[in-house]
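Structure first, then comments.
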Amino acid sequence: MTTKTKAEPKSSGVTNGGARIVVDGDDEVLSPTDLSEMLAEGTKDSHDKAENCQFVKDFLRGRIKRELFKRGTAALYFVYAAMEEEIEKNEDHPHIAPIYFPAELHRREALAQDLEYFYGEDWESQISLSAGTKPYVDRIHEVGQRDPVLLVAHSYTRYMGDLSGGQILKKVAQRALKLPSTGEGLNFYQFEGIHSQKGFKQLYRSRMNELELDAETKERIVGESNRAFSFNMMVFTELEEIGKTIKEEVQDAGLGHSHAEIMEGGDINKCPYYAAKMVASGNPTYACQLAMTLLTHPPCQWALAAWVALLAGFTAWYIL
């Protein structure tokens, strides 16, 4: 039996219904049967496959075609529009209500702003649901209508990933595509309603782990999360194929993000999918020093790019 010791409450930086939410301190004890832990363990293989997609590797290195970034943003819009539509329909469902945070998490309007930036005021007439994204959208609608508890998998996989890796991807895209420092085109990565991402993620995991679910249902949620990974990889593959036909000079930001920058947030071990494995093999401080050394030696920069892709690979599934 696992005993959870209480620490002094810490603010999550989130308000809900006018009252400030507080959660336990960083020393929370998790059980292997907690849903968040089951998801972390049960999606490792899917995670590894996603982070090895060529499209993802190129993105993390800062090699981004503007047209592909626009199309990826459109794909995100359709996915989030579907997910948030179904979540809103089921907001009173006993397994959805505890993790329903529309003001803090919902991304549909932010993505609409980004699409208006890239396509203009008539952006809605310029985008369409692609063949690679449609199965993902259809599945979200299916579970929302027939088996709403599986929305937990889609919600957690998307939103917690966005919070964990979004700022890294924002900086890579901003640098590579030379987007304005004021944030135009990157509203998707801005969570204005969350003042402490670390605190909010802890709150969200706690709420999710407290859902009354039997073992079989938890396993089905893990399976649905793996399915979500597969849908994301379908979108990655489609974008990669489209990229081969686009005659556009790659916007190259050089080496993308350094390990030092990735570690700067200090919360890498709270990634919902075992991000800690990427620093477990060595001292993070040493890794940062290695990255800086490689930066000063051009012949070794290809090695740093590969190192960065490996270390930042956990954000692969956050893109779409």
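Please read these numbers as outputs of a predicted model, since none were measured by experiment. Hydrogens, waters and symmetry mates play no part in the numbers below; they use all other heavy atoms, side chains included.
Tyr117 approaches Pro180 most closely through the heavy-atom pair OH-CD, 3.3 Å. Shown here for Val143 and His154, the closest heavy-atom pair between the two residues is CG2-CD2, 4.2 Å. Between Ile127 and Ala74, the shortest heavy-atom distance links the atoms CG2-CB, 4.0 Å. For the residue pair Arg205 and Ser36, the shortest heavy atom distance occurs at CD-CB, 4.2 Å. Closest heavy-atom contact between Ala176 and Gly62: CB-O, 3.4 Å. Shortest non-hydrogen contact noted between Leu179 and Arg66 is CD2-NH1, 3.9 Å.
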(message) Could you walk me through whether Tyr204 and Arg207 satisfy the side chain to side chain contact (heavy atoms under 4.5 Å, CB included) test, starting with their C-alpha distance in whole Å, then the side-chain angles of each, then the deciding distance to 0.1 Å, before giving a yes or no?
(response) CA-CA 5 Å; Tyr204 193 96; Arg207 290 278 188 93; 5.8 Å; no
(message) Using the rule given for salt bridge (Lys or Arg N to Asp or Glu O under 4.0 Å), can you reason through Glu224 versus Arg139, listing the C-alpha separation, both sets of side-chain angles and the distance that settles it, and then say yes or no?
(response) CA-CA 10 Å; Glu224 189 66 21; Arg139 177 59 181 173; 2.7 Å; yes
(request) Apply the test side chain to side chain contact (heavy atoms under 4.5 Å, CB included) to residues Glu51 and Leu60: give CA-CA distance (whole Å), side-chain angles for both, the deciding distance (0.1 Å), then the verdict. (result) CA-CA 10 Å; Glu51 71 182 22; Leu60 292 170; over 6 Å; no
(request) Dump the intermediate steps for ring-ring contact (aromatic ring centres under 6.0 Å, His included) on Phe191 and Phe200, then the final yes or no. (result) CA-CA 11 Å; Phe191 290 83; Phe200 183 85; 8.3 Å; no
(request) Decide yes or no on side chain to side chain contact (heavy atoms under 4.5 Å, CB included) for Arg107 and Met83, but give the supporting numbers first. (result) CA-CA 10 Å; Arg107 301 287 84 201; Met83 186 169 71; over 6 Å; no
(request) Please lay out, stage by stage, how Glu241 and Phe55 fare under the test side chain to side chain contact (heavy atoms under 4.5 Å, CB included). (result) CA-CA 9 Å; Glu241 290 303 310; Phe55 174 80; over 6 Å; no
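Looking only at side-chain heavy atoms (C-beta outward), Leu35 and Val152 come within less than 4.5 Å of each other.
Taken to the nearest 0.5 Å, the NE2 atom of His95 stands 12.0 Å off from the CG atom of Leu151. Interatomic distance, SG of Cys53 versus CG of Asn232, reported as 9.0 Å (0.5 Å rounding). Separation of atoms CG (Leu203) and NZ (Lys198) is listed at 14.5 Å; rounding is to 0.5 Å. Summarising the geometry, atom CG belonging to Leu213 is positioned 9.5 Å from atom CE belonging to Met208; distances are rounded to the nearest 0.5 Å. Atoms CD and CG, from Glu88 and Asn90 in turn, are 10.5 Å apart once rounded to the nearest 0.5 Å.
Within the 3.5 Å criterion, the main-chain N or O of Tyr189 finds no donor-acceptor partner in the side chain of Asp162. Under the 3.5 Å distance criterion, the side-chain polar atoms of Glu84 are matched with a main-chain donor or acceptor of Arg108. The backbone N or O of Asp48 lies less than 3.5 Å from a partner atom in the side chain of Asn52, making a donor-acceptor pair. Checking side-chain atoms of Asp58 against main-chain N and O of Ile64 turns up no donor-acceptor pair under 3.5 Å. A donor-acceptor pair under 3.5 Å links the side-chain atoms of Ser164 to the main chain of Met160, judged by distance alone. Remark: the backbone N or O of Phe101 is not paired with any side-chain donor or acceptor of His106 at under 3.5 angstrom. Checking side-chain atoms of Thr157 against main-chain N and O of Ala153 turns up a donor-acceptor pair under 3.5 Å. A donor-acceptor contact shorter than 3.5 Å is absent between the side chain of Lys170 and the backbone of Leu186. Side chain of Gln113 to main chain of Asn187: no donor-acceptor pair is present (N/O by atom type, distance under 3.5 Å, no hydrogens or angles). In this structure, the side chain of Thr133 does not engage the main chain of Leu129 through any donor-acceptor pair within 3.5 Å.
With respect to Glu240 and Lys57, no salt bridge is recorded, no charged nitrogen being found less than 4.0 Å from a carboxylate O. Under a 4.0 Å N-O distance rule, the pair Arg71/Glu67 qualifies as a salt bridge.
Every residue two or more places apart in sequence or in another chain was checked for a salt bridge (Lys or Arg N to Asp or Glu O under 4.0 Å) with Glu238, and none qualifies.
Checked against the 6.0 Å centroid criterion, the rings of Phe188 and Tyr80 qualify as a close aromatic pair.
With no hydrogens or angles considered, no side-chain donor-acceptor pair links Ser225 and Thr43 at under 3.5 Å. In this structure, a donor-acceptor pair under 3.5 Å is absent between the side chains of Asp114 and Thr73. Side chain to side chain, Ser31 and Asp34 fail the donor-acceptor criterion of an N or O pair below 3.5 Å.
At most 12 non-hydrogen atoms from other residues, nucleotides or ligands lie less than 6.0 angstrom from NZ of Lys49. Surrounding NZ of Lys89 are more than 12 heavy atoms belonging to other residues, nucleotides or ligands, all under 6.0 Å away.
Using a 30° and 60° split on the angle between ring planes, Tyr77 and Trp123 fall in the perpendicular class, above 60°. Relative ring orientation between Phe59 and Phe69 is described as parallel, the plane-to-plane angle staying below 30° on a 0-90° scale split at 30° and 60°.
Because its NZ or CZ atom is both nearer than 6.0 Å to the ring centre of Tyr119 and within 45° of the ring axis, Lys70 counts as a cation-pi partner of that residue.
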